[in-house]
Amino acid sequence: MATQDQTTAAQTNVPPVVTAPQSSTRFTDWQAICVIFGLWRRQGVRLIVGALLALAALACGLALMQVSGLRLAECVLGELVVTTTLLRWVGAGRVTLRYAERLFAHDAMFRALADLRVWFFHSLAHGAAAGLGFRRAGDMLSRLVSDIGALDGLYLRIVVPLACACLTFPALLVIVGRQSLVLGLAVGLLFACASFVVPWLIARSGQKAAEQSAHLLAHLRISVLDLVGGLREIRAFGAEGRMLTRVQAADAALLQGQMAVARRAAFANALAFLFGQIAIFLVLLAIGGILFPKLGALEGVSILFLSVAAFESAVTLTRAGLQAGIMGASARRVVEMAVKPSVARAQAAQQDAPANTSIRLDNVRFRWAEDRPWVLKGLTLDIPAGSRVAILGPSGAGKSSLAALLLRAASPQSGHILLGGEDITTIRPESVRSKMAWLSQATHLFDDTIRANLLLGRPDASEEDMWNALDQAAVSDVVRSLPEGLDTWVGEGGIRLSGGQGRRIALARTLLAPAPILILDEPATGLDAQTEQEFLRTLNSVTEGRTVILIAHRLTGVEKLDRIWRLSDGVAKAAAA
Amino acid sequence: MSNEKAAIRNWTRLQSRLGRQAARSVVGSGLLSSLAGIGQAWCVAVVLGHALVGWHAGGQGAGFPAWPFLLFPALAILRALCMIQADVAAARAGIVARRRLRGEVMASILAGGPALLRRTHSGVLASVVVDRIEALDGFFGRWVPASVLWMAAPLVILLPVGILQPRAAVILGLCGIAVPVGQAVFGIGAAVASRNQFLAMTRLQARFLDRIKGIATIVLAGRTEDETRRLGDAAEELRVRTMKVLRVAFLSSASIDCAMVVAFILLAVLDGRQALAMQASGPSPALQQTVIASLFALLAVPEFFAPLRSFALAYQDRAHAQGAATAILDLPEVTERPVLDGARTVSANGVMVAFDDVGFTWDPARGAALEHVSFTVPAGETLVLAGPSGAGKSTIMELLLGFITPQSGRVLFNGAPLQSIVPDALSRVVSWIGQKPVLFAGSLRDNILFAKPDADERELASALRSAAVDEFLPTLPDGLDTQIGEGGFGLSGGQAQRIAIARAYLKNAPVLLLDEPTAHLDPATEKSVFESLQRLAVGRTVILATHSAAAHMFKGRRIDLQNGRVINRQGAA
């Protein structure tokens, strides 16, 4: 139990800006990519067919170059083997296969990405996600989204070209080697260098560079955010010049890093190109009978045209190598985040929550992480079903931690939390949460309609239920005045509404939820004094029969409450009701 | 709408022109590389031609000339150098352009000032500066040079081919002309298809990001399974819609493939027929010439189509530019603040502040924010602005800070209208403390010295003491050098407000504007912050906006605001 608690604490410790999540599950880039391939198994057939089509298209491309060269050569020698029909077939095959390949491979990739996104969302939701509601983790999450976006290229830009090169390599060896073993080996070696060694080297060096440039980009983003967010301060203190210099320095560092990467990539590209040129030169020498046993003219032409086409296809792999480093790091971050085990997935958590909704905290000690100070030091509370209580305290006193514990987004290091007399660690977290509706500072308004946002609280709510909830949250007038009413799009994070209106929509959503326990964390933020009082009065009447846990730093005096506790120094002291 | 489109087109055109100057070296290297490629094709054709004709003649050919074997590797090295030069120059063009654009965008954000934050979220502005401009790399590095090269390089190749094998040049030219036609037809088709799908696609893409950001809300509301299923449906819909666009879009690259294949087959068949006819009459120098020219034309085909292909690949980079253009054009233009005649400074000690019948409207649809507001605060005295949120307190603050200018009436500092005061002079006489100070990424020391970078240790120490920052300094891990702000140590609301007070002490300006400085604090902290503020207020002209009951600690004048009008006055306000 003790060790489990320790790991639990370590996992919930998600600092505001996470560069590498502190997690017991660490992956190498390669392992992470393997996990992603594992996820794509369901689309395996499509992905393989896509790659095969790419191979067929490539083969047609190689053949087209070869047979048109041969056709011309045969005409000179007067012995026609390649007919115009063959030429036409190869040509038509090349065009249609290439089109089919691109269409099919993209379709397969989109299916695979959809799987990846759903998997990621699902595992995040079942893992550490609940704890994120109590942490400012938006930056980390948007970064993860762009990481998943980066994985778009894994199949199309790396897997498919690599598969093609893997097929071209033996084909080249056999076809050239049949004419001249030495030449075959030499051309094969050069092909391997151009399409495997150079990309591998650039991938290895690119990995470090990718990490560094991600770091520099983050640095630029922070200094820009500082400048934009601090525009008032900057104008008030006349600091425009100084802040601009800071941003420009961050910008210069980023661009300088990118220039170094670009230079390295340019050299790698040129190197891969030169390998191809050497191979073609060797074939030329062989045709001329210099250094190598002399090739027959016809064979010479055929091999030469084949090599030109083969090496042309190998050039894309250098670019793939450059991206491999970035993708490996993205894959690692995504997988590490997603496979983090659930915060409070205790082995015994099988039960459903009991019907009784009384809450009891018994000597609960809690801190977010080993190296953080204790937040709760032996907290004991008793909240009977249907009672209305307030928990007061200055910011940082542990009010939000208490909400996290009740919602099982975190577990106490010692002590017990009982719901209806059952220890909540024995109850399924989903079942605990179905009993509680929670409104916090971090409650997210989704970029959707007001209706969709409300339905998140209760999917089967009727139109009337929704208007009721909006009435109770003192926002129905605002919604009624909107031209599209409930179907108004609220924008990202509710940006099309004012801060107070957005909060009230979120509150309506919480009130709409059928849960018997309401946890309201500073519900009146963003309301002016008069509206706040009206709202709290409404709250007295509409929550009849439900347990209300009001978390606030002060009371206005109009709340009807059964009990009041003051949280300070990690314990609760009863205050007069 | 069409106006906006024209603006975007103009912007893209202007950027292309600017980019083209920087891309000159890329284009030059590209052309040189194409020429070298043609030279190599000639070398190869000569060797092959000799081999074939020699073979045909029964192995007693005249032997190979030596020059192709020397020229080929030389040209290969030249091409490799050209490639390096082109890649590096393209990267540099992208970097120069991004640096320039970032500077321009930052300048217009600074010019727009805090008023900009009223209509745009700071995260959105930051993503314009960072991500939108970062995405323009391809536009300047790839699209701009490719848009020149796709015309120039094929023409450069057509010239030598035309001299050696006019018929091949005609075939290549015709196939080449077919490419832009195909591109245009399918490109327009793809544009129509993507326009039909665009809104749905953007919303579906945004949906994933949004659900991930709000994942805690979903989990704690117990709606995980539902949302997972919906996300799956959305991803599927996104795929179907995207494929509809791609089906047409890929036809345009298929048209390049098609043109190339046709060129290959026509050249092989027609030249083959000619060679067949000539070889019947035995080996001859003419046969050799024809064979070499035909092989040369065949080898030139990939070189001819390569620039067209990279043009098609770079096409998507242009779309990024249009996205960025929309965002950048949305920002205000940098306009030099008109400095009126007789612009003046304000004497640094003792400032009287007055509003004379001031009116201001943010948004005509929502009515005036301020109407006929007048008051006077003599030097060294305090005015409390009270009233519910939305009554106009913040608008008065923004007017006093010069972020906005009144639409009617005058704001006076020592009798001088605010607009006539040099902006630098205004920021020297005014200190401002808001609801939540912005802490910049950096050390605590840097954050306080932000107010006065050249302050000495003694000044700093006295500001720390006066603002009571020294009371919580020992609890911080590294004292004054603790990193705070984004990604650093989190300070509580009261501690952050004390940093702001310390800044104001350091700045030591005669006018102090306090905009709900205790809005986010609990009563105990509020009281002690107000005490520090009272000490700071001594000898300064203070305007305090608040709806806290604790404001009675500030003795002086008071006006009550409601819906932008003064409804009550106390003292001599």
Side-chain angles (χ1 to χ4, degrees), chain A residues 17 68 71-73 75-78 84 87 91 94-95 98-99 102 106 110 114 117-118 121-122 125 129-130 132-133 141 145 221-222 224-226 228-233 235-238 240 255 262 266 270 274 277 284 287-288 297 394 396 407 430 433-434 438 443-444 446-447 528 553, chain B residues 47-48 51-52 55-56 64 76 80 83-84 87-88 91 95 102 110 113-114 122 125-126 129-130 209-210 212-217 219-220 222 224 228 231-232 235 239 243 246 250 254 257-258 261 264-265 268-269 272 275-276 279 291 294 388-389 427 432 438 440-441 451 486-487 492 522:
Chain A
V17 173
S68 27
R71 161 86 191 183
L72 192 61
C75 286
V76 177
L77 302 179
T84 45
L87 259 179
R94 152 91 190 165
V95 174
R98 181 106 180 87
Y99 179 72
R102 297 186 71 182
H106 275 82
F110 279 119
R117 288 180 173 206
V118 171
F121 181 81
H122 197 251
L132 296 178
L141 289 175
V145 173
R221 194 185 306 277
I222 286 175
V224 171
L225 267 173
D226 263 1
V228 177
L231 273 175
R232 282 158 200 286
E233 263 85 354
R235 186 60 84 72
F237 287 104
E240 281 94 345
L255 297 180
L274 276 179
Q277 294 294 302
L284 274 186
I287 291 169
L407 286 157
E430 296 79 31
R433 287 168 198 156
S434 71
W438 170 70
T443 301
H444 187 82
F446 292 92
D447 187 8
D528 61 62
H553 61 237
Chain B
V47 171
L48 287 184
L52 281 171
W55 191 266
H56 181 64
F64 293 97
M83 282 169 69
I84 293 176
D87 284 357
V88 171
I95 282 172
R102 226 166 244 154
L110 283 173
S122 64
L125 288 176
V129 176
V130 178
L209 174 69
D210 189 47
I212 290 283
K213 275 186 179 162
I215 192 167
T217 304
V219 172
L220 294 174
T224 310
T228 309
L231 205 61
R239 177 186 70 82
M243 289 314 295
L246 289 184
F250 286 161
D257 276 347
C258 204
V261 166
F264 256 122
I265 296 178
V269 171
L276 200 59
Q279 69 89 29
V291 171
S294 305
S389 65
S427 83
W432 168 80
V438 172
F440 300 102
E486 184 78 37
S492 74
D522 55 81

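Basis for what follows: all heavy atoms, side chains included, without hydrogens, waters or symmetry-related copies.
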Nearest heavy atoms of Val261(B) and Val95(A), plus distance in Å: CG2-CG2, 3.7 Å

Leu274(A) to Ala76(B) - nearest heavy-atom pair and separation: CD2-O, 3.9 Å

Nearest atoms (heavy-atom pairs only) where Ala268(B) meets Leu72(A): O-CD1, 4.2 Å

Interchain contact, Val88(B) with chain A, by part (heavy-atom threshold 4.5 Å): both

Interface residue of largest heavy-atom contact number with chain B, from Gly91(A), Gly238(A), Cys75(A), Ala114(A), under 4.5 Å: Cys75(A)

Non-hydrogen atoms of Arg94(A) and Asp257(B) that approach each other most closely: NH2-OD1, 3.5 Å

Per-residue contact mode, Ser68(A) against chain B (heavy atom under 4.5 angstrom): both

Trace of the side-chain contact (heavy atoms from CB on, under 4.5 Å) decision for Arg433(A) with Val219(B): CA-CA 9 Å; Arg433(A) 287 168 198 156; Val219(B) 172; 3.2 Å; yes

Side-chain (Arg239(B)) to main-chain (His106(A)) donor-acceptor, under 3.5 angstrom: no

Arg102(A) portion near chain B, given a 4.5 angstrom heavy-atom threshold: both

Where Val269(B) and Arg71(A) come nearest, the two heavy atoms and their spacing: CA-NE, 4.5 Å

From Arg117(A) atom CZ to Thr228(B) atom OG1, the distance as rounded to the nearest 0.5 Å: 14.5 Å

Ile287(A), part contacting chain B, at a heavy-atom distance under 4.5 Å: both

Atom of Ala262(A), atom of Ala91(B) and distance for their closest heavy-atom approach: CB-CB, 3.4 Å

Proximal component of Glu233(A), with respect to chain B [non-hydrogen, under 4.5 Å]: both

